[in-house]
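Structure record follows, encoded as structure tokens.
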Amino acid sequence: MQSLKRFEILKRDQRGMAAIEFAFAAPVILLLIIGAVEFGWILFANSTLESAVREASRRGLTGYAPCDMSREEYIAAVIDNEMGSFSDPDKRTVTQTVYDNFNQLDGEPFSDINENGIRDANEDFTDINGNLEYDADLGAAGLGNAGAVVVYEVSYELDNFSSWFARKIGSENGFSISASATVRNEPAAIDGSFGGNVDDCDLEEPEPDPEDL
């Protein structure tokens with residue numbers, strides 16, 4: 001009987017309940033808070049990357065490059081500069097694909113008989129590049145000349161903001177983010193030139209005319 005009374009007393013005793021409840025809730029609350037910070041970090045990094053690619057493509061369509069860089073190196077440098085604290089050349093991949101016009105972005109045209117959006121073996125196609133094969137992508141690596149269409153694509157391996165959260169969701173290797181932009185290069189000038197020709201950097205300054213001294 002006395003044991004039963006003790007049990008009733010213990011059952012009604014609420015001391016320490018808050019600590020026990022907190023012990024159960026704390027890991028979940030902590031996971032939600034750090035998760036919100038982590039995903040905010042990813043969204044901010046992705047937004048920064050998209051802005052960097054837009055700026056790089058805007059610079060790239062002019063054809064300009066400094067004297068000490070190729071056009072590809074200049075584009076990569078613009079991206080790294082725009083990425084700021086996220087910048088890490090070892091974790092980003094930059095590719096540029098050039099096309100003659102926007103129509104080539106969809107590959108060689110074909111007669112889609114069954115309307116499945118895919119060129120099947122029995123469907124005729126227009127062999128634009130004359131290689132006797134169907135090409136789903138007519139692009140070539142490079143930044144192109146005046147009037148060309150260029151697709152800039154950048155992927156970036158982003159480190160986790162919190163290693164603890166990464167272990168909880170099974171993403172210890174970080175997150176992969178990417179962005180792209182498609183632009184048409186500026187047309188050639190009246191003299192036929194396009195952009196800043198890096199070869200001009202090698203030209204020697206003309207000797208001054210003695211009469212001008």
Side-chain angles (χ1 to χ4, degrees), residues 42-66 69-84 86-158 174-199:
I42 296 170
L43 291 175
F44 180 60
N46 194 71
S47 176
T48 303
L49 179 60
E50 289 177 351
S51 177
V53 174
R54 284 196 300 269
E55 179 63 20
S57 64
R58 187 182 71 82
R59 304 279 189 94
L61 64 82
T62 66
Y64 168 79
M69 292 183 178
S70 66
R71 290 173 65 190
E72 288 79 6
E73 290 172 338
Y74 177 57
I75 292 300
V78 171
I79 293 173
D80 289 338
N81 181 66
E82 293 293 320
M83 286 294 289
F86 292 106
S87 178
D88 187 343
D90 295 331
K91 295 185 177 181
R92 59 131 170 88
T93 302
V94 183
T95 59
Q96 300 99 6
T97 309
V98 60
Y99 301 84
D100 291 338
N101 51 63
F102 283 103
N103 292 332
Q104 290 190 356
L105 294 173
D106 296 326
E108 292 179 324
F110 62 92
S111 57
D112 193 6
I113 299 174
N114 55 10
E115 299 182 352
N116 64 349
I118 302 173
R119 192 262 167 178
D120 298 310
N122 63 330
E123 294 174 336
D124 294 332
F125 67 94
T126 302
D127 190 11
I128 294 178
N129 55 14
N131 66 350
L132 303 180
E133 296 180 358
Y134 173 72
D135 295 291
D137 191 337
L138 290 168
L143 289 166
N145 294 316
V149 174
V150 184
V151 177
Y152 295 79
E153 296 176 293
V154 182
S155 60
Y156 196 91
E157 297 303 321
L158 182 67
F175 300 91
S176 179
I177 58 177
S178 61
S180 63
T182 302
V183 296
R184 182 190 291 277
N185 287 341
E186 291 182 347
I190 296 176
D191 61 1
S193 63
F194 170 65
N197 191 337
V198 293
D199 292 335

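As the structure is a prediction and not an experimental result, all values here were calculated from the model. Computation of the quantities below employed the complete heavy-atom set of this structure, encompassing side-chain atoms and omitting hydrogens, waters and symmetry-equivalent molecules.
- With a 4.5 Å cut-off on side-chain heavy atoms, V78 and E55 count as touching.
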Side chain to side chain donor-acceptor pair (under 3.5 Å) evaluation trace for D120 with N114
CA-CA 9 Å; D120 298 310; N114 55 10; 2.7 Å; yes
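- Contact annotation: the side chain of T182 never approaches that of Y99 to less than 4.5 Å [non-hydrogen atoms, C-beta and beyond].
- Here the side chains of N185 and V150 are in contact, with some heavy-atom distance below 4.5 Å.
- At a threshold of 4.5 Å between non-hydrogen side-chain atoms, the residues L49 and M83 count as touching.
- Note that CD1 of I113 and CG of D124 are 7.0 Å apart. Values are rounded to the nearest 0.5 Å.
- In terms of modelled atom types and a separation under 3.5 Å, the side chain of R184 and the main chain of G147 share a donor-acceptor contact.
- Considering CD of E50 and CD1 of I177, their distance stands at 9.0 Å, rounded to 0.5 Å.
- How far CD1 of I42 is from CZ of F175: 3.5 Å, rounded to the nearest 0.5 Å.
- In this structure, the side chain of D80 does not engage the main chain of S87 through any donor-acceptor pair within 3.5 Å.
- A188 and A146 get closest at one heavy-atom pair: N-CB, 3.4 Å.
- Contact detail for G60 and R71: the closest heavy-atom pair is O-NH2, 3.8 Å.
- M69 and A65 get closest at one heavy-atom pair: O-CB, 3.8 Å.
- Atom-to-atom distance recorded for F194:CZ and L61:CG is 7.5 Å, nearest 0.5 angstrom.
- Looking at T62, its side chain does come within 3.5 Å of a backbone N or O of Y64 through a donor-acceptor pair.
- No side-chain donor-acceptor contact under 3.5 Å links D100 to the backbone of Q104.
- You'll find the side chain of I75 reaches within 4.5 Å of the side chain of Q96, heavy atoms only.
- Distance check, rounded to the nearest 0.5 Å: CZ of R92 to CD1 of I79 gives 6.5 Å.
- Residues E157 and S176 have side chains that bring a donor and an acceptor to within less than 3.5 angstrom of each other.
- In the model, R59 has a side-chain atom that pairs as donor or acceptor with a side-chain atom of Y74 under 3.5 Å.
- Side chain of S57 to main chain of V53: a donor-acceptor pair is present (N/O by atom type, distance under 3.5 Å, no hydrogens or angles).
- Not a single donor-acceptor pair under 3.5 Å links the side chain of T97 to the backbone N or O of G139.
- Residues L158 and A45 share a closest heavy-atom pair of CD2-CB, 3.6 Å.
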